[in-house]
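Structure record follows, encoded as structure tokens.
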There are 2 protein chains.
Amino acid sequence: MSIIKEVAAEAGVSVMTVYNVINGNYSKVSEKKIKLILKLLEEKNYVPNLTAKSLAIKSTKIIGIIVPVGDDDYNFFKDPYLSELIGVIEHLLRKKGYYAMVRSVIHAADISTLLKTWNMDGAIFLLPYYDHIAHQILAQNNLPMVFLDSYSDNPDIFSVGIDDYKGGYIATKYLVSLGHTRIAFAGSIGEDGVKCVVNQRFKGYKDALREANIEFHESFVYPFAPVYDMGIVAGREISKRKGEITAVLATADVMAIGIMEGARLNGYLLPNDLSIVGFDNIEASIFCSPKLTTVSQNIPKKAECAIDLLMKQINDEPTPEKRPVLDVEIIERQSAIPLR
Amino acid sequence: MSIIKEVAAEAGVSVMTVYNVINGNYSKVSEKKIKLILKLLEEKNYVPNLTAKSLAIKSTKIIGIIVPVGDDDYNFFKDPYLSELIGVIEHLLRKKGYYAMVRSVIHAADISTLLKTWNMDGAIFLLPYYDHIAHQILAQNNLPMVFLDSYSDNPDIFSVGIDDYKGGYIATKYLVSLGHTRIAFAGSIGEDGVKCVVNQRFKGYKDALREANIEFHESFVYPFAPVYDMGIVAGREISKRKGEITAVLATADVMAIGIMEGARLNGYLLPNDLSIVGFDNIEASIFCSPKLTTVSQNIPKKAECAIDLLMKQINDEPTPEKRPVLDVEIIERQSAIPLR
DNA sequence: TTGTACGCGTTATCAA
DNA sequence: TTGATAACGCGTACAA
């Protein structure tokens with residue numbers, strides 16, 4: 001028997017009266033009974049059952065944290081950028097009385113099922129792998145959603161991004177200011193013409209080169225996945241061209257750290273033989289030596305914006321900006337130094 | 001109106017018949033209607049509502065992933081050990097049809113509330129900060145639970161741990177084998193006599209010293225928190241005693257990396273001036289230079305054991321071992337080298 | 001083969 | 001002030 005019923009029986013009142021006390025409708029109950037009922041609830045450690053409440057009010061306070069994973073066995077939490085982001089998000093949600101249901105998804109089709117299964121109040125999509133089906137996701141699920149780093153041209157989408165173009169631009173400009181002219185670009189660029197995170201950074205890179213009257217070489221592009229292992233591969237490739245390439249811009253810190261390793265494996269001395277700039281400013285960027293110069297994005301702020309956007313939708317408040325874009329900046333450390 | 005009712009109406013049957021089809025009780029429904037109903041369900045993208053189902057069957061398929069956080073603003077996901085662990089756990093739970101609700105908790109009292117609020121099917125406690133109230137947690141919550149790294153003497157507790165004593169022992173022995181005799185220990189040791197992760201490692205450290213006829217010095221102990229920043233502090237302290245201390249065992253990789261940094265800030269050349277052994281074998285232990293020699297614990301296996309123990313409890317299967325202890329091993333890299 | 005009735009814990013409405 | 005009743009979506013037991 002449920003605690004509510006026990007209390008009602010013991011206090012000699014109806015279940016409804018107990019609920020009135022629980023919900024603070026004190027005006028509707030006599031003071032004497034209030035005290036007794038509160039005492040009994042306390043004694044029995046009553047905690048409202050949210051699965052029942054959810055059913056009644058059609059709101060669960062569950063927010064889905066959706067992370068696409070390609071391969072079934074890849075542990076996306078090893079990515080420090082994602083973990084940090086999830087940590088901040090969980091924290092903010094908790095403070096606002098929501099519950100974070102973290103979920104990696106392999107098949108995009110599973111998303112709708114998940115959201116409906118728990119009748120979630122909202123969802124945050126951490127990685128921008130859904131631009132091509134954004135329309136479908138929006139159509140199938142009528143609930144507040146926020147996409148991170150999306151470049152979808154769907155006008156109905158809410159998203160929080162960073163100024164990827166500027167990131168690529170200032171990083172390249174920074175390397176140019178150090179005297180570098182033969183600058184490689186490492187990152188999984190998408191199809192030509194498609195707007196996406198890496199392509200925007202790539203565009204910034206090319207524009208900065210052009211502005212400095214530096215010719216762009218297709219062979220300077222290493223279109224590898226932004227993970228440590230592929231960084232090593234890229235680093236090995238790049239260091240085969242000693243003297244030809246003097247600097248690299250990588251689209252993720254972990255990749256940049258991998259590039260360092262790969263170059264070192266080929267006998268490079270860092271940062272002398274190769275200047276490297278990363279992207280994200282994860283905590284591990286100070287673990288490596290030389291410490292990584294990188295384009296910093298403010299992860300806590302990104303999370304805040306996402307939650308803010310989500311809450312505004314949930315509470316039917318106006319959203320001044322549907323797609324805020326956060327600023328980025330260069331964090332100068334030791335991995336990029338003047339040429340020569 | 002719910003999809004179920006729509007389908008029932010359109011198919012001209014009762015709601016019950018629709019449920020029979022959904023639940024595969026085909027024997028109870030005529031083939032013609034089955035096809036029609038399945039088609040309608042498909043069209044309308046029917047997904048069972050777990051909040052309602054949970055209420056009816058008193059099982060939610062939600063597993064709580066509980067992480068204690070001391071300070072309100074500390075982002076525990078920055079800890080690579082925890083993130084990796086959570087990643088594996090989410091993955092395993094998903095494959096078994098469960099949902100991971102990740103939750104940081106500040107006040108231990110919130111735990112019971114959380115578990116009851118969602119009527120969770122089980123819970124995993126990631127950090128062993130609850131040994132002193134384990135009895136209370138067990139008493140207040142009658143659901144399958146698994147504690148990681150617990151040294152509670154409560155016989156009712158299920159836990160998965162690693163051989164911390166052996167870890168401290170083999171790490172110290174390893175340093176001794178390299179010729180070191182003045183070996184410091186860095187980690188937040190608990191009260192004397194209390195069994196806990198760090199104290200066990202500390203015990204292993206002391207026993208290994210004794211076995212090698214090396215005197216233990218109280219002043220060689222740096223009882224700092226196992227985080228990067230405190231590692232730096234420890235590294236600075238240790239490097240003030242050049243020649244006096246030649247090696248350190250740290251109880252966490254991030255701390256070991258911090259120690260490197262602190263020592264370097266004081267002019268140390270690594271690993272020449274100081275040999276360092278870490279603990280955990282997180283991914284970032286290869287990001288630093290020199291690469292970290294460390295005591296490895298098998299995080300995926302730890303997660304697997306925990307889930308296995310949890311599932312056995314949920315399914316009322318016998319559990320051969322209530323408190324499995326996983327083995328550890330030394331991973332030799334570059335941060336610890338022979339003396340001189 | 002199909003349908004009815006009731007319960008799960010909670011909220012909302014309305015009557016007493 | 002208090003309480004009865006219906007509803008939320010689903011499962012179980014039992015009838016027709």
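Residue numbering restarts at 1 for every chain, and letters A, B, ... go by the order of the sequence lines.
Of the N and O atoms on the side chains of B:Asn141 and B:Ser112, at least one donor lies less than 3.5 Å from an acceptor on the other residue. Between the side chains of B:Asp131 and B:Ser150, a donor-acceptor pair is found at a separation under 3.5 Å.
With sequence neighbours excluded, no residue satisfies side chain to side chain donor-acceptor pair (under 3.5 Å) with A:Glu43. Taking the side chain to side chain contact (heavy atoms under 4.5 Å, CB included) definition, one finds that A:Lys301 meets it with A:Asn298, A:Leu326, sequence neighbours left out. Looking at residues two or more places apart in sequence or on another chain, you find a side chain to side chain donor-acceptor pair (under 3.5 Å) between A:Ser14 and A:Thr17. By the side chain to side chain contact (heavy atoms under 4.5 Å, CB included) test, B:Asn315 is found to be paired with B:Met311, B:Glu317, residues two or more places apart in sequence or in another chain being considered. In terms of the side chain to side chain contact (heavy atoms under 4.5 Å, CB included) criterion, residue partners of B:Ala52 (sequence neighbours excluded) are, by chain and number, A:Leu55, B:Asn49. Among residues two or more places apart in sequence or in another chain, the side chain to side chain donor-acceptor pair (under 3.5 Å) test is passed with A:Gln136 by none. Here A:Phe125 pairs with A:Tyr130, A:Phe147 under the ring-ring contact (aromatic ring centres under 6.0 Å, His included) rule; sequence neighbours left out.
Look at B:Thr17 and you won't find any side-chain N or O under 4.0 angstrom from OP1 or OP2 of C:dT2.
With rounding to whole Å, A:Leu50 atom CG is found 19 Å from C:dC8 atom P. Atoms CG (B:Asn20) and P (D:dT12) sit 11 Å apart, rounded to a whole Å. Atom-to-atom, NZ of B:Lys5 to C1' of C:dG3 comes out at 15 Å; the value is rounded to the nearest Å. Whole-Å rounding puts the B:Lys61 NZ to D:dC10 P distance at 17 Å. Between A:Ile37 atom CD1 and D:dG3 atom C1' the separation is 12 Å, expressed in whole Å. Taking atom CD1 on B:Ile4 and atom P on D:dA7, their separation rounds to 18 Å, with Å as the unit. With rounding to whole Å, B:Trp118 atom CH2 is found 12 Å from C:dT10 atom P.
Counting only heavy atoms from C-beta on, A:Ser14 has its side chain closest to D:dG3 among D:dG3, D:dC10, C:dG3. Counting only heavy atoms from C-beta on, B:Lys58 has its side chain closest to C:dC8 among D:dT2, C:dC8, D:dG9.
Checking B:Lys33 against A:Ala52, the closest nucleotide of DNA chain C that is more toward the 5' end is the one next to B:Lys33.
Within the structure, salt bridge (charged side-chain N to carboxylate O under 4.0 Å, His left out) contacts touching residues 104-121 of chain A (residues at least two apart or in different chains) do not occur. Sorted by first and then second residue, the salt bridge (charged side-chain N to carboxylate O under 4.0 Å, His left out) pairs involving residues 136-149 of chain A (not counting sequence neighbours) are A:Asp149-A:Lys302.
Rounded to 10 degrees, the angle separating the terminal helix axes of the helix from C:dT1-D:dA16 to C:dA16-D:dT1, each built from five base pairs, is 50°.
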Output one line per pair: protein atom, nucleotide atom from nucleotides 11-16 of chain C, and distance, for all N/O pairs under 3.5 Å.
residue : atom : partner : partner atom : Å
C:dT11  : OP2  : A:Asn23 : ND2          : 3.3

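Of the residues in residues 38-45 of chain A, none has a non-hydrogen atom less than 4.0 angstrom from any atom of DNA chain C.
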